[in-house]
Each structure stands twice: as C-alpha cells, then as structure tokens.
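The next block holds one structure in the form of structure tokens; read it before the comments.
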Amino acid sequence: MQEGKLIIFSAPSGSGKTTLVRHLLSVMPDKLQFSISATSRPKRGVELNGKDYHYLTVEEFKEKIKNNEFLEWEEVYAGTHYGTLRSEVERIWKEGKNVIFDIDVQGGLNLKHQFGDKALAVFVMPPSIKILEQRLNSRQTDSPESIALRVEKAEQELQTAKLFDCFILNEDLTTACKECERVVNEFLNKK
Ligand code: 5GP
C-alpha cells in the first residue's frame with residue numbers, strides 16, 4: 001500500500017482545532033482526509049455517526065481495544081473513550097491521501113511517537129485559559145461540569161505544547177488558518 005503522511009492537530013478542548021482542521025479539509029480536499037475517530041460519548045448537536053465520529057457503546061469500544069483495532073485510544077474524560085482506528089488510516093492512504101487528525105494531546109503525542117517523520121504534530125494554542133472557558137460556554141453544547149473538567153485538563157495540556165513539532169496561536173482565526181495552510185503545505189511538500 002502507498003503510505004501517505006499524517007497531520008496531527010491537538011489542543012485543549014475549545015482551542016478551535018476542529019475549526020482549523022475543517023478549514024484545511026475545505027482548502028486541500030485532494031490532499032487531506034479526516035480520520036473519523038471512535039468514541040463512547042453521546043452524539044452532540046448536529047453531529048452525524050460515521051461523519052464526525054463512529055459512536056460506540058463502552059462495550060463495543062472495549063471489544064475493539066481487545067481486538068487491537070486502535071492505533072491509539074484514551075479515556076479522555078472519565079468514562080468517555082476516544083480512539084483512532086487503524087482502518088481509518090489504511091482507508092485514507094489507499095485513496096492516495098494524507099490523514100488529518102483532530103485528537104487530544106496524549107493521543108497526538110502517541111501517534112507522533114509511532115510515526116516519527118511521517119507525522120507533523122501541531123499544537124493549537126488558545127490565547128488564554130479565560131478565553132478558552134468563554135468559548136466553551138458560548139458553544140452551549142457542554143454541561144457546566146463538563147466545561148469545568150475541560151478547563152482543568154486544558155491547564156495541564158498547555159504544558160505539553162513544547163513536545164509538538166510546532167504550535168499555532170489561535171487568536172485571530174483568519175491568521176491561524178493561513179498559518180495552518182503554510183505549515184501543512186511545507187510538510188507535505190518535503191520529501
Ligand atoms: P469532543 O468530545 O469535544 O468531540 O472531543 C474531546 C477531545 O477528544 C478533543 O480534544 C478531541 O480532539 C479528542 N479526540 C477525538 N478523537 C480522538 C481520538 O481518536 N483519540 C484521542 N486520543 N482523542 C480524541
């Protein structure tokens with residue numbers, strides 16, 4: 001199989017990495033395809049099964065762990081699992097494209113560790129914890145408890161930014177989008 005590259009976007013929840021990943025997919029549809037993760041969390045808002053995530057029960061998720069179907073997985077929040085399926089990377093490489101991931105910081109570093117120079121690990125930095133909290137609140141998709149957990153985790157995750165290949169500050173969205181295009185193109189054009 002022709003192997004492509006991996007573009008990993010990791011960040012604390014609410015940093016805007018999903019928006020940046022969607023932007024890249026819209027401007028580089030011939031080069032990139034999204035790795036649809038599996039999760040045991042319930043569907044949120046307008047999300048669709050098989051598009052945003054593969055939604056599984058905890059039992060189904062654990063069965064896939066047992067069968068070694070994940071490249072990496074994490075219990076990102078207590079009782080809520082997320083994981084990258086091997087089959088996603090294989091499917092996308094088979095189509096001659098590169099895989100782009102929207103995953104948590106631990107998962108991102110795990111993949112970078114496995115794939116080395118084939119992977120570009122990008123950390124998306126929120127302007128501040130305060131702004132991150134405001135963004136999570138205005139999204140109106142998470143409970144106050146869930147937001148509190150995400151903010152607490154974000155504070156720890158910010159400490160890991162230095163372990164990534166590069167970071168992008170998401171203060172002004174247009175600027176961040178352009179910067180993403182630049183780093184991804186540079187990486188993909190590298191032999
Ligand atoms: P959300 O519930 O907001 O969709 O995602 C929560 C966190 O889990 C986000 O940081 C998201 O990027 C991360 N996530 C999504 N898919 C995966 C995955 O396959 N593996 C890991 N480790 N984290 C993931």
Side-chain angles (χ1 to χ4, degrees), residues 6-25 32-58 60-62 64-65 67-92 99-115 119-126 129 132-161 163-164 167-168 170 180:
L6 299 92
I7 315 284
I8 302 160
F9 270 71
S10 294
S13 182
S15 304
K17 69 178 178 303
T18 306
T19 308
L20 295 174
V21 167
R22 287 200 184 129
H23 170 75
L24 285 170
L25 283 162
L32 301 178
Q33 218 178 95
F34 182 60
S35 164
I36 304 163
S37 294
T39 183
S40 66
R41 84 147 160 73
K43 233 187 291 176
R44 193 165 65 194
V46 294
E47 290 177 349
L48 290 175
N49 189 23
K51 179 172 170 276
D52 298 284
Y53 283 106
H54 298 292
Y55 298 93
L56 306 177
T57 62
V58 176
E60 288 168 335
F61 200 100
K62 288 188 173 160
K64 289 196 188 295
I65 296 175
N67 295 337
N68 197 24
E69 289 181 53
F70 290 112
L71 276 172
E72 63 76 35
W73 65 271
E74 295 282 330
E75 190 171 345
V76 176
Y77 305 105
T80 309
H81 299 70
Y82 295 82
T84 303
L85 294 160
R86 284 177 200 284
S87 54
E88 278 297 298
V89 174
E90 286 162 10
R91 170 179 72 78
I92 295 167
V99 192
I100 185 162
F101 301 85
D102 170 346
I103 71 179
D104 92 317
V105 166
Q106 274 317 313
L109 290 173
N110 187 339
L111 288 181
K112 174 68 188 174
H113 206 73
Q114 292 182 52
F115 290 92
L120 174 73
V122 182
F123 188 95
V124 180
M125 185 82 83
I129 289 280
L132 182 115
E133 195 171 358
Q134 283 166 8
R135 286 182 185 168
L136 287 170
N137 274 311
S138 63
R139 197 155 83 171
Q140 293 189 324
T141 49
D142 297 284
S143 64
E145 295 75 29
S146 163
I147 291 176
L149 273 177
R150 283 165 194 253
V151 170
E152 193 186 311
K153 192 161 153 38
E155 285 170 346
Q156 297 158 14
E157 287 173 330
L158 287 179
Q159 311 301 321
T160 66
L163 303 174
F164 283 72
F167 76 84
I168 287 172
N170 189 13
C180 287

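Numbering of ligands and ligand atoms starts at 1, following listing order. Each residue takes its place number in the sequence, starting with 1.
Between the side chain of Ser40 and the backbone N or O of His81, at least one donor-acceptor pair lies under 3.5 Å.
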(request) Would you please test Phe167 and Phe123 for ring pair (Phe, Tyr, Trp, His ring centres under 6.0 Å) and show each step? (result) CA-CA 4 Å; Phe167 76 84; Phe123 188 95; 7.6 Å; no
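Note that CG of Leu136 and CD of Gln134 are 10.5 Å apart. Values are rounded to the nearest 0.5 Å. Between the OG1 atom in Thr80 and the CZ atom in Phe61 there is a gap of 10.0 Å [rounded to 0.5 Å].
Nearest protein heavy-atom contact of atom 13 (C) of ligand 1 is Asp104 N, 3.5 Å. Scanning the protein for heavy atoms near atom 7 (C) of ligand 1, the closest one is Val76 CG1, 4.0 Å. In terms of protein heavy-atom proximity, atom 20 (N) of ligand 1 is nearest to Glu72 OE2, 2.7 Å. At the top of the distance list for atom 2 (O) of ligand 1, counting protein heavy atoms only, stands Tyr82 OH, 2.5 Å. Among protein heavy atoms, the minimum distance from atom 12 (O) of ligand 1 is reached at Asp102 OD1, 2.9 Å.
Every atom of ligand 1 is numbered from 1 in the order shown, and the set under 4.0 Å from a heavy atom of Thr84 is 19 (O). Numbered from 1 in the order shown, with element, the atoms of ligand 1 that lie under 4.0 Å from a heavy atom of Arg44 read 1 (P), 2 (O), 3 (O), 4 (O). Of all atoms in ligand 1, listed by their number and element, those nearer than 4.0 Å to a heavy atom of Glu74 are 22 (N). Within the listing of ligand 1, atoms 9 (C), 10 (O), 11 (C), 12 (O) sit less than 4.0 angstrom from a heavy atom of Lys17.
Environment of CZ in Arg139: crowded, with over 12 heavy atoms of neighbouring residues, nucleotides or ligands closer than 6.0 Å.
In summary, Arg150 and Glu155 do not engage in a salt bridge, as defined by a charged side-chain N under 4.0 Å from a carboxylate O. The pair Glu157-Lys153 counts as a salt bridge, with a side-chain nitrogen and a carboxylate oxygen less than 4.0 angstrom apart. At a threshold of 4.0 Å, the pair Asp142-Arg41 does not count as salt-bridged, since none of the basic side-chain nitrogens sits closer than that to a carboxylate oxygen.
Across Leu24, Thr18, Leu25, Thr19, a single residue satisfies side chain to side chain contact (heavy atoms under 4.5 Å, CB included) together with Val21, and that is Leu25.
Only the side chain of Arg150 comes within 4.0 Å of ligand 1, counting heavy atoms alone; its backbone N, CA, C and O stay farther away.
In this structure, Arg41 has a heavy atom closer than 4.0 Å to ligand 1. Distances from ligand 1 to the non-hydrogen atoms of Tyr53 include at least one value under 4.0 Å.
At under 3.5 Å, not a single nitrogen or oxygen of Glu47, backbone or side chain, sits near a nitrogen or oxygen of ligand 1.
Among Ser37, Ala38, Gly83, the residue whose heavy atom lies nearest to atom 16 (N) of ligand 1 is Ser37.
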